[in-house]
Amino acid sequence: MTVYREKFQDELESLISECIKLGKECHKRLARAVEILVADDIEEARNLVKADVEINKMEAAINAHSINLITTQAPVASDLRLIISCIKIADDLERIGDNIGNIAEVRKRIKITNERTLLRFKTMERLASLMLEDVYTAFKEKDIDLLHEIITRDQDIDAVFVQITTSDIFEESDAFLTGQIQLTAKYLERIGDHIKSIAEHIYFIQTAEQYEKNKYQ
């Protein structure tokens, strides 16, 4: 039984490693998202869109691995909680990848040059990147307070999104450009939402409870 349990623990560690690898891949691509918007050459944007296939494959592999563990290993409650949460985390990461690809699609259509708008986008990107980095730290160190902080920091991304969509866009006279700016802002805002969701899944792994904001008020 001990050998069986050790083998199962190795499989769980492997599953976690796959999720971490997917998270790092999304983080790497997120760091380039806004820079692509101003690139003279759209080839990188095209490559980023094509590369989303790899993100999808990584998510599919995590799902397959998770289902295999559930159906063949009869995990106990705490292990099952971890496995199900890995499926959900992989789904959020895949959607982050989709939104990064969508930003690249915007660059294929138009080049955004408004410096104030680009600064807002870069702020949103940086806030999201820091959230994603801290999610990993919170998971590794089992830091519940940091998870709560990450979840609340999504409001900072939302605030910049509001600035762009209720103020900055009215400085543009080109309706098509305005629409693309709104789309880009929404994609970045959704990335923040998915990172917040990942933090909530990790909170569930570590506490066996659904995250409730009022517990921290």
Side-chain angles (χ1 to χ4, degrees), residues 15-37 48-49 51-63 65-66 81-106 120-140 143-144 146-165 181-207 210-213:
L15 180 64
I16 291 169
S17 294
E18 289 175 43
C19 287
I20 291 172
K21 183 178 178 181
L22 178 54
K24 288 181 176 179
E25 187 63 28
C26 288
H27 182 266
K28 180 177 71 175
R29 297 180 188 200
L30 177 59
R32 291 288 299 151
V34 174
E35 291 181 27
I36 284 173
L37 288 172
L48 194 58
V49 172
D52 188 52
V53 173
E54 295 304 316
I55 295 286
N56 295 341
K57 288 180 179 178
M58 293 171 75
E59 186 220 3
I62 290 169
N63 288 343
H65 193 171
S66 299
R81 185 168 69 244
L82 172 61
I83 295 168
I84 294 298
S85 295
C86 282
I87 293 173
K88 293 180 177 180
I89 288 168
D91 177 68
D92 277 306
L93 288 169
E94 189 275 332
R95 294 189 182 195
I96 288 171
D98 285 344
N99 281 287
I100 294 170
N102 288 338
I103 293 170
E105 289 283 6
V106 169
R120 303 266 204 230
F121 287 159
K122 193 63 183 177
T123 299
M124 295 175 78
E125 178 200 274
R126 185 60 181 150
L127 287 169
S129 291
L130 289 171
M131 285 172 66
L132 199 51
E133 291 169 17
D134 286 343
V135 159
Y136 173 69
T137 300
F139 173 75
K140 185 172 62 173
D143 191 333
I144 302 300
L146 180 55
L147 287 172
H148 168 65
E149 180 188 321
I150 293 163
I151 291 166
T152 57
R153 272 157 51 191
D154 181 51
Q155 297 173 3
D156 297 334
I157 296 178
D158 293 343
V160 183
F161 170 75
V162 170
Q163 286 179 321
I164 294 170
T165 56
I181 289 172
Q182 287 179 303
L183 281 175
T184 303
K186 187 60 181 176
Y187 297 143
L188 288 165
E189 189 269 338
R190 289 298 296 149
I191 288 171
D193 288 344
H194 287 300
I195 299 171
K196 174 185 174 183
S197 179
I198 291 169
E200 290 175 350
H201 296 322
I202 294 174
Y203 180 92
F204 179 64
I205 291 172
Q206 296 182 352
T207 67
Q210 297 292 336
Y211 179 81
E212 295 181 23
K213 183 178 179 181

Is the shortest heavy-atom distance from the side chain of [X] to the side chain of [Y] under 4.5 Å?
{"X": "N102", "Y": "L183", "result": "no"}
{"X": "L82", "Y": "I16", "result": "yes"}
{"X": "D154", "Y": "I195", "result": "no"}
{"X": "I144", "Y": "H148", "result": "no"}
{"X": "I103", "Y": "F121", "result": "no"}
{"X": "E59", "Y": "L93", "result": "no"}

Supply the atom-to-atom distance [X] [atom1] to [Y] [atom2], rounded to the nearest 0.5 angstrom.
{"X": "R126", "Y": "M131", "atom1": "CZ", "atom2": "CE", "answer": "13.0 Å"}
{"X": "L22", "Y": "S17", "atom1": "CG", "atom2": "OG", "answer": "12.5 Å"}
{"X": "I198", "Y": "I151", "atom1": "CD1", "atom2": "CD1", "answer": "11.5 Å"}
{"X": "D193", "Y": "K186", "atom1": "CG", "atom2": "NZ", "answer": "6.5 Å"}
{"X": "E105", "Y": "D98", "atom1": "CD", "atom2": "CG", "answer": "11.0 Å"}
{"X": "E189", "Y": "N99", "atom1": "CD", "atom2": "CG", "answer": "9.5 Å"}

request  = May I ask you to check whether H201 and S197 show a side-chain donor-acceptor distance below 3.5 Å?
outcome  =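 Side-chain D/A pair, H201 to S197: present.
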
[X] to [Y] - nearest heavy-atom pair and separation:
{"X": "Q206", "Y": "D143", "result": "OE1-N, 4.0 Å"}
{"X": "L37", "Y": "V106", "result": "CD2-CG1, 4.0 Å"}
{"X": "A199", "Y": "I150", "result": "CB-CG2, 4.1 Å"}
{"X": "I164", "Y": "A185", "result": "CG2-CB, 4.0 Å"}

Trace of the side-chain contact (heavy atoms from CB on, under 4.5 Å) decision for D52 with I100 = CA-CA 9 Å; D52 188 52; I100 294 170; over 6 Å; no

message = Run I89 and I202 through side-chain contact (heavy atoms from CB on, under 4.5 Å) and show every step you take.
response = CA-CA 8 Å; I89 288 168; I202 294 174; 4.0 Å; yes

For [Y], does its backbone N or O pair with a side-chain atom of [X] as donor and acceptor, under 3.5 Å?
{"X": "R120", "Y": "V160", "result": "no"}
{"X": "E125", "Y": "L188", "result": "no"}
{"X": "S66", "Y": "I62", "result": "yes"}

inquiry  = Within 45 degrees of the ring normal and closer than 6.0 Å to the centroid, is that where the cationic atom of K196 sits relative to Y211?
reply    =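 Because its charged atom misses either the 6.0 Å distance or the 45° angle limit, K196 does not stack over Y211.
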
message = Can you tell me which residue among D92, I157, L30 is in a side chain to side chain contact (heavy atoms under 4.5 Å, CB included) with I191?
response =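 It is L30; the other options fail the test.
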
Worked verdict on E18 versus K21 for salt bridge (charged side-chain N to carboxylate O under 4.0 Å, His left out) = CA-CA 5 Å; E18 289 175 43; K21 183 178 178 181; over 6 Å; no

request  = Please say whether more than 12 non-hydrogen atoms of neighbouring residues, nucleotides or ligands are located less than 6.0 Å from NZ in K122.
outcome  =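 Count over threshold, so yes.
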
message = salt bridge (charged side-chain N to carboxylate O under 4.0 Å, His left out), that's the test. Do R153 and E149 meet it? Break it down for me.
response = CA-CA 6 Å; R153 272 157 51 191; E149 180 188 321; 3.1 Å; yes

